[in-house]
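Along the sequence shown, residues are numbered consecutively beginning with 1. Hydrogens, waters and symmetry mates are skipped; everything else that's a heavy atom, side chains included, is used.
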Amino acid sequence: MPKKLVVGNWKLNGSLAANEVLLGGCGTLAGVEMAVCVPFPYLAQAASLLDGMALGAQTVSEFQSGAYTGEVSAEMLAEMGCRYVIVGHSERRALFGEDDAMVGRKAAAALRAELVPIVCVGESLAEREAGRVMEVIGRQLGAVWESIGKEGFSRAVIAYEPVWAIGTGRAASAGEAQEVHAGIRRWLSEREVPLAEIRILYGGSVNAGNAAALFAMPDVDGGLIGGASLVAEEFIAVCRATMTNGGC
Ligand code: 13P
């Protein structure tokens, strides 16, 4: 089993001064892999301050180079020291028009530059209430499959982020998360993706209080953390929670 992975997604937050305080207070823990996905302008600063934590970005262009004003390529992210990049976050899907196929092309771009894509999937509240959770997630994963296939999925991280849990203070229960994570693992296993190294993260209102129960689930391999990653003590407490209740 690979180590559990906890990734902070800072979203549109930070300043040079605040980042220095936050990263200075984080440190690392043995037994858990930690990463932070920061806004593009802070990649260089974060790369210089990180000591053992991995660096990531929050999105990437599907294009490698050329006349694409405002875009940032996977190769640029790799050159800045990134290991991870989030693709298909529900905020990108809902607010910036990213569709399933584009998420697949972005995952492929990440892999081309030897970055690890963190492929986000998750249902809305209406979709959950209609009993369509695995149908929606199967559609989202299927579109990525079209672009990266078995070999690509074996190098990717998947993040289950139910839209209704993001930034709401209402995390999925450990049981709800486990059920979907097991469904995602089943989806991968049906397509013969080697499961031993695959990590499926849970994201959505994870905090120091609920992290241990979520991470104790057998198919929850870590977390993608928004708000709680912006305060060093809280982020460290979430990371530490991977090591209780049977975590690594
Ligand atoms: P919150 O932890 O703030 O709910 O955000 C989750 C998220 O969107 C991480 O990508």
Side-chain angles (χ1 to χ4, degrees), residues 1-11 13 19 21-38 46-47 49-56 58 81-86 116-122 154-162 165-167 169-185 188 194-248:
M1 276 290 284
K3 279 185 188 174
K4 290 211 192 249
L5 169 64
V6 179
V7 182
N9 173 10
W10 287 4
K11 306 191 182 184
N13 292 291
N19 304 345
V21 173
L22 175 51
L23 292 174
C26 277
T28 53
L29 296 168
V32 53
E33 187 181 344
M34 295 162 57
V36 280
C37 293
V38 309
L49 292 175
L50 286 176
D51 184 16
M53 259 205 278
L55 182 63
Q58 300 170 17
C82 287
R83 170 162 171 72
Y84 294 102
V85 62
I86 298 169
V116 177
I118 300 175
V119 178
C120 296
V121 296
S154 68
R155 291 158 58 201
V157 168
I158 295 171
Y160 170 52
E161 295 211 312
I166 295 175
R170 182 187 161 198
S173 69
E176 286 168 334
Q178 168 57 26
E179 188 181 356
V180 177
H181 283 229
I184 293 171
R185 222 175 269 285
L188 294 167
L195 291 179
E197 297 297 315
I198 294 276
R199 289 182 292 195
I200 305 172
L201 313 183
Y202 169 78
S205 295
V206 178
N207 58 41
N210 60 23
L214 287 159
F215 296 157
M217 293 293 108
D219 290 308
V220 178
D221 306 310
L224 184 53
I225 318 299
S229 73
L230 298 174
V231 178
E233 299 71 33
E234 180 91 4
F235 187 56
I236 282 287
V238 169
C239 293
R240 193 172 290 118
T242 60
M243 290 180 276
T244 57
N245 288 335
C248 259

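Counted within 6.0 Å of CD on Glu179, heavy atoms from surrounding residues, nucleotides or ligands total 12 or fewer; the atom is thus considered open.
A distance of 3.0 Å separates OH in Tyr84 from CD in Glu33, rounded to the nearest 0.5 Å. Note that NZ of Lys3 and CE of Met243 are 9.5 Å apart. Values are rounded to the nearest 0.5 Å. Between the CE atom of Met34 and the SG atom of Cys26 there is a distance of 5.5 Å, given to the nearest 0.5 Å. Taking CD1 of Ile158 as the start and CG of Leu188 as the end, the distance is 4.5 Å to the nearest 0.5 Å.
Checked against Leu201 for a side chain to side chain contact (heavy atoms under 4.5 Å, CB included), the options Val7, Val220, Ile225 give a single hit: Val7. In summary, of the residues considered (Lys4, Arg185, Arg199), a salt bridge (charged side-chain N to carboxylate O under 4.0 Å, His left out) with Asp221 occurs for Arg185 alone.
Ala165 is linked by a side-chain contact (heavy atoms from CB on, under 4.5 Å) to Pro162, Tyr202, counting only residues two or more places apart in sequence or in another chain.
The shortest side-chain heavy-atom distance between Thr244 and Phe215 does not fall under the 4.5 Å cut-off. Proximity of Val157 to Leu224: side-chain heavy atoms (C-beta onward) are nowhere separated by under 4.5 Å. No side-chain heavy atom of Glu161 sits less than 4.5 Å from a side-chain heavy atom of Asn9.
Annotation: salt bridge (Lys or Arg N to Asp or Glu O under 4.0 Å) contacts involving residues 205-218, sequence neighbours excluded, are absent.
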